[in-house]
Amino acid sequence: MRTDSSIAAIHGLDQKTRVVRPLFSCSVSAGFPSPADDYIDRRLDLNELLITNPAATFFVRAAGDSMIGAAINHDDILIVDRSLAATSGKIIIAVIDGELTVKRLAQTATSCTLMAENPNYPDLEINEESDFQVWGVVTSVIHQF
């Protein structure tokens, strides 16, 4: 059975830093090319876009390939919000039996499962004997091309 820890590093949020960049009013075509506008609509602070609750937000670096089906790749940075409810279908950061992992939560009235998004990895059934704690809900993923 193949498993992975899924988390390479944990990083705090520097609330003093603003990351402000131009936001163009035109969208970029993912289909046929269209003429570009040189008009900047406003400046966008990436903290405003990506972080709803700064006091409850932290970053983790993903390790491994168990979540590639959810577009989470090795070395991606995950933005995690501890203030959000971990409900069924959400991607969460959890500690299970002492190891950090990122998985999709599947809950029913009688069961709780942490699901990988890669068929090469087994789902993790949470039972009464499991040492299990949710650390937060993944809200965004940042990866390089």
Side-chain angles (χ1 to χ4, degrees), residues 1-33 36 40-145:
M1 172 166 54
R2 199 170 165 195
T3 63
D4 71 326
S5 63
S6 299
I7 305 297
I10 301 171
H11 304 279
L13 175 65
D14 180 1
Q15 293 178 285
K16 298 174 206 147
T17 304
R18 293 184 70 215
V19 181
V20 181
R21 296 295 178 257
L23 175 64
F24 289 83
S25 61
C26 66
S27 57
V28 177
S29 175
F32 295 104
I40 295 175
D41 184 37
R42 65 183 178 106
R43 292 199 159 298
L44 175 68
D45 181 352
L46 293 179
N47 292 311
E48 291 175 19
L49 178 67
L50 299 173
I51 300 167
T52 304
N53 189 349
T57 300
F58 65 96
F59 304 102
V60 296
R61 184 176 298 277
D65 62 353
S66 70
M67 294 299 288
I68 58 173
I72 297 174
N73 303 311
H74 179 74
D75 270 348
D76 283 353
I77 300 292
L78 308 178
I79 301 174
V80 183
D81 189 334
R82 292 184 66 112
S83 70
L84 298 176
T87 57
S88 192
K90 298 283 186 180
I91 295 174
I92 64 168
I93 303 298
V95 179
I96 182 163
D97 298 328
E99 290 194 35
L100 278 170
T101 191
V102 55
K103 297 288 182 276
R104 188 172 302 278
L105 179 64
Q107 288 179 302
T108 68
T110 59
S111 71
C112 181
T113 305
L114 298 180
M115 297 171 38
E117 294 280 341
N118 181 334
N120 294 325
Y121 293 87
D123 294 339
L124 303 171
E125 296 292 329
I126 306 302
N127 57 44
E128 293 174 0
E129 292 82 38
S130 300
D131 181 15
F132 173 70
Q133 182 182 9
V134 175
W135 271 26
V137 175
V138 176
T139 59
S140 298
V141 59
I142 301 169
H143 64 260
Q144 303 283 321
F145 291 112

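What you see is a predicted model, and the numbers here were worked out from it, not measured in a lab. The chain is numbered in sequence order, starting from 1.
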Compare every heavy atom of Ala86 with every heavy atom of Val134, then report the nearest pair and how far apart it is. CG1-CB, 3.7 Å
Closest contact, heavy atoms only, Met67 versus Arg104: CE-N, 3.9 Å
By the side chain to side chain donor-acceptor pair (under 3.5 Å) test, which pairs, at least two apart or in different chains, include something from residues 79-89? Asn53-Ser83, Asp81-Ser83
So do the side chains of Arg61 and Asp75 get within less than 4.5 Å of each other, counting heavy atoms only? yes
Going by side-chain contact (heavy atoms from CB on, under 4.5 Å), Thr101 matches just one of Ile96, Val95, Ile92. Which one? Ile96
If you take all heavy atoms of Val137 and Leu84, which pair is closest and at what distance? CG2-O, 3.7 Å
Here the gap from Ser140 atom OG to Ile77 atom CD1, rounded to the nearest 0.5 Å, amounts to 12.5 Å
Gap separating the CG atom of Asn73 from the CZ atom of Phe145, nearest 0.5 angstrom: 9.5 Å
His74 and Asp65: side-chain contact (heavy atoms from CB on, under 4.5 Å), yes or no, with the steps? CA-CA 6 Å; His74 179 74; Asp65 62 353; 5.9 Å; no
For a side-chain contact (heavy atoms from CB on, under 4.5 Å) check, start with the C-alpha distance between Ile93 and Val138, then their side-chain angles and the critical distance, and finish with the verdict. CA-CA 7 Å; Ile93 303 298; Val138 176; 3.9 Å; yes
Tell me, with the steps shown, if Asp123 and Leu114 meet side-chain contact (heavy atoms from CB on, under 4.5 Å). CA-CA 6 Å; Asp123 294 339; Leu114 298 180; over 6 Å; no
Is any side-chain heavy atom of Thr57 less than 4.5 Å from a side-chain heavy atom of Val80? no
Gap separating the CD1 atom of Ile68 from the CD atom of Glu117, nearest 0.5 angstrom: 10.0 Å
Check Ala70 against Ile91 and note the closest heavy-atom contact, atom names and distance. CB-CD1, 3.7 Å
What are the two closest non-hydrogen atoms of Asp76 and Ala71, and how far apart are they? OD2-O, 3.7 Å
Enter the distance from Thr113:OG1 to Asn127:CG here, rounded to the nearest 0.5 Å. 10.0 Å
Which heavy atom of Leu105 sits nearest to which heavy atom of Cys112, and what is that distance? CD1-SG, 3.6 Å
Taking side-chain hydrogen bond (donor to acceptor under 3.5 Å, both in side chains) as the test, write out the residues that go with Asp131, two or more places apart. none
Given Leu78 and Ile72, is the side-chain contact (heavy atoms from CB on, under 4.5 Å) satisfied, shown in steps? CA-CA 8 Å; Leu78 308 178; Ile72 297 174; 3.8 Å; yes
In Å, rounded to the nearest 0.5 Å, how long is the span from CD of Glu125 to CE of Met115? 10.0 Å
